Amino acid sequence: MEDFIHLHVHTYFSILDGQSPVGKLVDKAVANGMKGMAITDHGNMFGVKELFDACNSINGKRKKEGLEPFKPIFGCEMYVARRTKEQKDANMGDRGGWHLIVLAKNMTGYKNLIKLVSRSWVDGFYGRPRTDHADLEKFHEGLIVCSACIAGEIPSKILKGDIEGARKSLEWHKNLWGDDFYLELQRHEVTNPNIRANRETFPLQQVANAELIKIARELDIKLICTNDSHFVDEENAEAHDHLLCLSTGKDLDDPTRMLYSKQEWFKTKEEMNEVFQDIPEALANTIE
């Protein structure tokens, strides 16, 4: 079994979207023998202090037992403006933006991440707090970046059939981040026929993944796998579904409402190894 840690995690600070208490995530990761974990809430860093405190509390006990410290990784799933963050025209697709996982590698990266997130709210808010390529270039030092879910810039272009555009975007990121840039794979396959869940996402992930793996092999770019965690355990899926109804203002029985795949729990190392057993390096690279 390959070692693994979660690098794409939403806590209850991803307001009305994530459901997980930070402490429960840390407890589950530690109990499963993980060496650390990231939190990457949507557009904000509200959970950083809580993660820091939870890990400090656990590491005090681990030190007495002669164990290695459990490592908190501070991150954010940022929205990257499709043009610039100052441009705000809904007709031009400026509302919201592409997803991007940004992680602090060191203290310099932590300070730069704070700047990026703050500027995304102060200067870039339009539907969502948005950064852009210019700010990423300006504050790129000390950061590790992953291409995110199928709402990321590169997989989005792949799914639109714009392979050339996807490769150009990839080259831009690779030139900026170097070895600290990773292509991200997700697999949210719904295997239970009796639950109401999103079954459209997994086929799209598979299309994006196939091209991402091909590009990674061709250009020698590292792969990681993530599970886009939004709740702690599998049995929390229904409660999370109710939360989405509150978020979107929809009734539970509305046939048109948004659904998740209900695979977005904080999976164990064993579960992630089962999902990605054919790409062991994507699991192992999360430890980097």
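Predicted model only: the values in this text are computed from it and were never measured.
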Enquirer: Are Asn112 and His140 linked by a side-chain donor-acceptor pair shorter than 3.5 Å?
Expert: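 There is no such pair between these side chains.
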Enquirer: Looking only at heavy atoms, what is the nearest atom pair of His240 and Tyr260, with distance?
Expert: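 Closest heavy-atom pair between His240 and Tyr260: CE1-CD2, 3.5 Å.
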Enquirer: Please confirm whether Lys267 makes a cation-pi placement over Trp265, using NZ or CZ under 6.0 Å from the six-membered ring centre and within 45° of the ring normal.
Expert: yes
Enquirer: Should Tyr110 and Met45 be marked as a side-chain contact (heavy atoms from CB on, under 4.5 Å) after you check the CA-CA gap, both sets of side-chain angles, and the distance that decides it?
Expert: CA-CA 11 Å; Tyr110 176 63; Met45 296 173 67; 3.8 Å; yes
Enquirer: Are the side chains of Asn236 and Gln19 in touch, meaning some heavy atoms are under 4.5 Å apart?
Expert: yes
Enquirer: So for atom CD, which belongs to Glu274, do other residues, nucleotides or ligands contribute more than 12 heavy atoms lying within a distance under 6.0 Å?
Expert: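 Atom CD in Glu274 is not packed in, count stays at 12 or less.
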Enquirer: Between Ser261 and Ala197, which heavy-atom pair has the shortest distance, and what is it?
Expert: O-CB, 3.6 Å
Enquirer: Is it true that Glu281 and Arg217 have a side-chain N and a carboxylate O under 4.0 angstrom from each other?
Expert: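 Yes, Glu281 and Arg217 are salt-bridged.
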Enquirer: Are Phe52 and Met34 linked, directly or through intermediate hydrophobic residues, by side-chain heavy-atom contacts shorter than 4.5 Å (ILVMFWY only)?
Expert: yes
Enquirer: Nearest 0.5 Å, what's the CD1-NZ distance between Ile154 and Lys157?
Expert: 8.5 Å
Enquirer: With a 4.0 Å cut-off on N to O distance, would you call Lys61 and Glu65 a salt bridge?
Expert: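 Between Glu65 and Lys61 there is no salt bridge, as every charged N stays at least 4.0 Å from the carboxylate O atoms.
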Enquirer: I'd like to know if the side chain of Glu153 pairs up with that of Ser156 as donor and acceptor (distance under 3.5 Å, no hydrogens or angles considered).
Expert: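 Note: Glu153 and Ser156 side chains miss the donor-acceptor criterion.
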Enquirer: Could Asp94 and Lys88 be called an ion pair, given the rule that one side-chain N must be under 4.0 Å from one carboxylate O?
Expert: no
Enquirer: For the pair Lys222 and Glu288, find out whether any cationic side-chain nitrogen is under 4.0 Å from an anionic carboxylate oxygen.
Expert: yes
Enquirer: Got more than 12 heavy atoms from elsewhere within 6.0 Å of CD, Glu235?
Expert: yes
Enquirer: Please say whether more than 12 non-hydrogen atoms of neighbouring residues, nucleotides or ligands are located less than 6.0 Å from CD in Glu270.
Expert: yes
Enquirer: If you define the side chain from C-beta out and look only at heavy atoms, does anything of Glu77 sit under 4.5 Å from Val102?
Expert: no
Enquirer: Here's one to test your reading of the geometry: is the NZ or CZ of Arg130 within 45 degrees of the ring axis of Tyr79 and under 6.0 Å from its centre?
Expert: no
Enquirer: I'd like to know whether the aromatic ring centres of Phe202 and His188 sit less than 6.0 Å apart in this structure.
Expert: no
Enquirer: Taking everything shown except Lys24 itself, do over 12 heavy atoms lie less than 6.0 Å from its NZ?
Expert: no
Enquirer: Kindly indicate whether the side chain of Ile58, heavy atoms from C-beta on, has any atom under 4.5 Å from the side chain of Asp27.
Expert: yes
Enquirer: Less than 4.0 Å between a side-chain N and a carboxylate O, is that true for Arg167 and Glu171?
Expert: no
Enquirer: Can you tell me how far apart OG (Ser147) and OH (Tyr182) are? Round to the nearest 0.5 Å.
Expert: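 If I round to the nearest 0.5 Å, the distance is 12.5 Å.
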Enquirer: Taking 4.0 angstrom as the limit, do Lys174 and Asp180 come out as a salt bridge?
Expert: no
Enquirer: Closest heavy-atom contact between Leu159 and Ala208?
Expert: CD2-N, 4.1 Å
Enquirer: Where do Val232 and Pro21 come nearest, in terms of heavy atoms and distance?
Expert: CG2-CD, 4.1 Å
Enquirer: Going only through I, L, V, M, F, W and Y residues with side-chain contacts under 4.5 Å, is there a path from Leu204 to Phe276?
Expert: no
Enquirer: Do Glu86 and Asp132 touch side chain to side chain, with heavy atoms closer than 4.5 Å?
Expert: yes
Enquirer: Assigning hydrophobic clusters by single linkage (Ile, Leu, Val, Met, Phe, Trp, Tyr; side-chain heavy-atom cutoff under 4.5 Å), is Met1 placed with Val30?
Expert: no
Enquirer: Could you tell me whether the side chain of Leu7 reaches within less than 4.5 Å of the side chain of Ile5, counting heavy atoms only?
Expert: yes
Enquirer: Classify the ring geometry of His173 against His133: parallel below 30°, tilted from 30° to 60°, perpendicular beyond 60°.
Expert: perpendicular
Enquirer: Does Glu218 CD have over 12 foreign heavy atoms under 6.0 Å away?
Expert: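 Enclosed: over 12 neighbouring heavy atoms sit under 6.0 Å from CD of Glu218.
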Enquirer: Could you check whether Glu50 and Tyr12, counting side-chain N and O atoms only, form a donor-acceptor pair closer than 3.5 Å?
Expert: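 Yes, because at least one side-chain N or O of Tyr12 sits under 3.5 Å from a partner of the opposite role on Glu50.
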Enquirer: Could you check if a side-chain atom of Val22 sits within less than 4.5 angstrom of a side-chain atom of Phe13, using non-hydrogen atoms only?
Expert: yes
Enquirer: side-chain hydrogen bond (donor to acceptor under 3.5 Å, both in side chains) between Asn227 and Ser229: does it pass, once the steps are laid out?
Expert: CA-CA 5 Å; Asn227 201 57; Ser229 168; over 6 Å; no
Enquirer: Locate the shortest heavy-atom distance separating Glu2 from Ala284; write the atom from each residue and the value.
Expert: OE1-CB, 3.5 Å
Enquirer: Hey, are the side chains of Thr11 and Phe46 touching, using non-hydrogen atoms and a 4.5 Å cut-off?
Expert: no
Enquirer: Would you call the rings of Phe125 and Trp121 parallel, tilted or perpendicular, taking 30° and 60° as the class edges?
Expert: parallel
Enquirer: Just checking, any donor-acceptor pair under 3.5 angstrom between side chains of His230 and Gln263?
Expert: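 Checked: His230/Gln263 side chains show no N/O donor-acceptor pair below 3.5 Å.
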Enquirer: Just wondering, are more than 12 heavy atoms of other shown residues or ligands nearer than 6.0 Å to CG in Asn192?
Expert: yes
Enquirer: Verify the cluster assignment for Ile39 and Val145: are they in a single hydrophobic cluster under the rule of side-chain heavy atoms below 4.5 Å apart?
Expert: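 As far as the 4.5 Å side-chain criterion goes, Val145 and Ile39 are connected within one cluster.
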Enquirer: Does one hydrophobic cluster hold both Ile224 and Leu219, with members joined at side-chain heavy-atom distances below 4.5 Å?
Expert: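 Yes, same cluster.
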Enquirer: With a 4.0 Å cut-off, would you call Lys28 and Asp233 a salt bridge?
Expert: yes
Enquirer: What are the two closest heavy atoms between Val190 and Asn198, and how far apart are they?
Expert: CG2-O, 3.4 Å
Enquirer: Please check if any side-chain donor atom of Gln186 sits under 3.5 Å from a side-chain acceptor atom of Thr226, or the reverse.
Expert: yes
Enquirer: Salt bridge between Arg187 and Asp278, side-chain N to carboxylate O under 4.0 Å?
Expert: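 Yes, Arg187 and Asp278 are salt-bridged.
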Enquirer: Can you find a heavy atom in the side chain of Lys85 that is under 4.5 Å from one in the side chain of Arg83?
Expert: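 They are not in side-chain contact.
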